[in-house]
Amino acid sequence: MMTERAFTEWEGLSGRPWYKHMIYGPSLYNDYGAEVYPGADDAIQTAKKTNTSESWQSVQHEIHRIARVISQAALVLSGGLT
């Protein structure tokens, strides 16, 4: 249970703060399915469309957020975070 909670962030997904899970959730670009790493997927799709420096910085930010929750989950699994 603690590992699953480690994959969530209180801020939620960008533009959809009610979705807290960073690893699995709905995509802005896929009405019928879910995506793995939905925040990063949405940011990449947006960056491909707009191709601006800010949009690619958003991709970096989303990847950082994912790395952070994976690190938190690893701490839980190793017994370092309870």
Side-chain angles (χ1 to χ4, degrees):
M1 178 177 75
M2 293 299 294
T3 304
E4 189 67 24
R5 284 184 183 170
F7 288 126
T8 63
E9 249 191 17
W10 70 272
E11 294 174 358
L13 297 177
S14 296
R16 293 159 297 157
W18 53 91
Y19 290 110
K20 306 292 186 190
H21 207 282
M22 300 298 297
I23 305 302
Y24 184 79
S27 171
L28 287 175
Y29 298 98
N30 182 353
D31 293 336
Y32 296 104
E35 293 290 336
V36 178
Y37 310 119
D41 181 66
D42 295 342
I44 290 168
Q45 296 301 325
T46 300
K48 284 181 179 179
K49 287 181 181 181
T50 61
N51 200 24
T52 63
S53 176
E54 295 83 19
S55 64
W56 289 108
Q57 287 175 353
S58 178
V59 172
Q60 284 183 312
H61 177 71
E62 290 300 324
I63 291 171
H64 172 75
R65 292 176 70 199
I66 293 165
R68 187 171 54 219
V69 297
I70 290 172
S71 293
Q72 289 172 349
L75 280 173
V76 169
L77 291 172
S78 69
L81 186 66
T82 57

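Here Asp41 contributes atom CG and Thr46 contributes atom OG1; the two are 9.0 Å apart, rounded to the nearest 0.5 Å. Note that OH of Tyr29 is 11.5 Å distant from CD of Glu35, once rounded to the nearest 0.5 Å.
The two residues Ala40 and Ile66 come nearest to each other via the heavy atoms CB-CD1, 3.6 Å. The heavy-atom pair separating Gln72 from Ala6 by the smallest distance is OE1-O, 3.3 Å. Nearest heavy atoms, Thr3 versus Val76: OG1-CG1, 3.3 Å.
In the hydrophobic clustering of ILVMFWY residues, with side-chain heavy atoms under 4.5 Å counting as a link, Tyr19 and Val36 come out together. Both Trp56 and Ile63 sit in one connected hydrophobic cluster of ILVMFWY residues. Membership requires side-chain heavy atoms under 4.5 Å apart, directly or through other members. Hydrophobic cluster membership differs between Leu13 and Ile44, with clusters built from Ile, Leu, Val, Met, Phe, Trp and Tyr side chains linked at under 4.5 angstrom.
Using modelled atom types, one finds a donor on one side chain and an acceptor on the other under 3.5 Å when comparing Thr50 with Ser55.
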Can you check side-chain contact (heavy atoms from CB on, under 4.5 Å) on Ile23 and His21, steps first, answer last?
CA-CA 6 Å; Ile23 305 302; His21 207 282; 3.5 Å; yes
Yes or no on side-chain contact (heavy atoms from CB on, under 4.5 Å) for Met22 and Phe7, after CA distance, side-chain angles and deciding distance?
CA-CA 6 Å; Met22 300 298 297; Phe7 288 126; 5.7 Å; no
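Side-chain N or O atoms of Asp42 include one that pairs as donor or acceptor with a backbone N or O of Leu28 at under 3.5 Å. In this structure, Lys20 contributes its side chain and Trp10 its backbone to a donor-acceptor pair below 3.5 Å. Side-chain N or O atoms of Arg16 include one that pairs as donor or acceptor with a backbone N or O of Pro26 at under 3.5 Å.
With a 4.5 Å cut-off on side-chain heavy atoms, Tyr37 and Arg65 do not count as touching.
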